[in-house]
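Contents: one structure, followed by commentary.
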Amino acid sequence: MDVLVGTSVLAHGIHYAVLAVGLVGLAVLLGPQLLGIHRERTVHDEHDRKVLALADQIAAGTLGSAIPASTRTVSPAPPLLPSAAPDARASLLLPIAVVSSTAAAVVHAAVCPEHFAEKLIFGLFFAGSAIAQIIWSVVMVMRPRRPMLLEAAYGNAAVVALWAVTRTVGLPFGLLPKPEEVGPWDVCCGIWELIAVGACIALLRRDGALPRLAAWAGWRRSAQLFTLGSVAVIAGLYLSGAGA
């Protein structure tokens, strides 16, 4: 009995720990937006000072007198910038990968208690998956790196493959003698993991370094809608009391 109580406390502790890490990740996500607002105001202040200085020169009649007309040169036009299509693509795929990994982590954390009650090894697997996925999301928000895309693609694909085995033939060594039923939680989790795999593979096929994840206001509209939809699905699963 003491073991069961301890396991239940551990499962719920992991669940709330994952939620806490998610909130920290959200704060990290919103931080660049606040800094971006500060930088934007600084730029505006500098622009205002230049405009006032220019007005003073016009009023004094000294505008352009410091440089003789014969020595003035016209600056060449700046070269055309390369197409921003790759960055635009990355700005869509990176948020989708991060949101998908976070959503899958929330699902794994949500079903931890019942899987701990079923078998300790099952609970540890779901807890480890949730922690790994949420840590990956936070790291990709703070410092995205290409090797982590490959890790996420292999890791999520392996979890989806294992899920397919447990729903078709079960697991050996008496762990799962017969297949488990398919439920809404695991279906949604599998979809998010497949989306994460696809997004990571697409990002790996893109040349160049990964851009930093923009603040929420800088996300593409489709990425914002995907995020809000994922939150709505998770809330619906919680409120409906659907089984795993």
[X] side, atom [atom1]; [Y] side, atom [atom2] - distance, nearest 0.5 Å:
X: Arg205; Y: Leu149; atom1: CZ; atom2: CG; answer: 13.5 Å
X: Ile96; Y: Ser222; atom1: CD1; atom2: OG; answer: 5.5 Å
X: Leu171; Y: Leu162; atom1: CG; atom2: CG; answer: 6.0 Å
X: Met148; Y: Arg143; atom1: CE; atom2: CZ; answer: 11.0 Å
X: Leu203; Y: Leu92; atom1: CG; atom2: CG; answer: 9.0 Å
X: Lys119; Y: Leu175; atom1: NZ; atom2: CG; answer: 6.5 Å

[X] (side chain) donor-acceptor with [Y] (main chain) under 3.5 angstrom:
X: Ser101; Y: Gln133; result: yes
X: Thr102; Y: Ile134; result: no
X: Asp186; Y: Val182; result: no
X: Arg206; Y: Ala90; result: no
X: Ser240; Y: Gly236; result: yes
X: Trp185; Y: Val111; result: no
X: Gln224; Y: Trp216; result: yes

Between Trp219 and Ser91, does the side chain to side chain donor-acceptor pair (under 3.5 Å) criterion hold? Intermediate values first, please. CA-CA 7 Å; Trp219 285 22; Ser91 67; over 6 Å; no
Quick one, Pro144 and Arg212 - any side-chain contact, counting heavy atoms below 4.5 Å? yes
Measure the shortest side-chain to side-chain distance between Leu213 and Pro95 over non-hydrogen atoms and say whether it is less than 4.5 angstrom. yes
Check whether Met140 and Ile131 end up in the same hydrophobic cluster, where Ile, Leu, Val, Met, Phe, Trp and Tyr are linked by side-chain heavy atoms less than 4.5 Å apart. yes
Indicate if Val139 and Leu93 have the same hydrophobic cluster label, given that clusters are the connected sets of ILVMFWY residues with side-chain heavy-atom separations under 4.5 angstrom. yes
What's the verdict on side-chain contact (heavy atoms from CB on, under 4.5 Å) for Leu210 and Arg145, showing C-alpha distance, side-chain angles and the deciding distance? CA-CA 7 Å; Leu210 289 175; Arg145 291 175 290 176; 5.7 Å; no
By salt bridge (charged side-chain N to carboxylate O under 4.0 Å, His left out) - contacts of Glu180 (at least two apart): Arg167
Evaluate side-chain contact (heavy atoms from CB on, under 4.5 Å) for Ser100 paired with Phe226, printing each intermediate quantity in order. CA-CA 9 Å; Ser100 298; Phe226 177 77; 3.3 Å; yes
Would you call the rings of His115 and Phe126 parallel, tilted or perpendicular if under 30° counts as parallel and over 60° as perpendicular? parallel
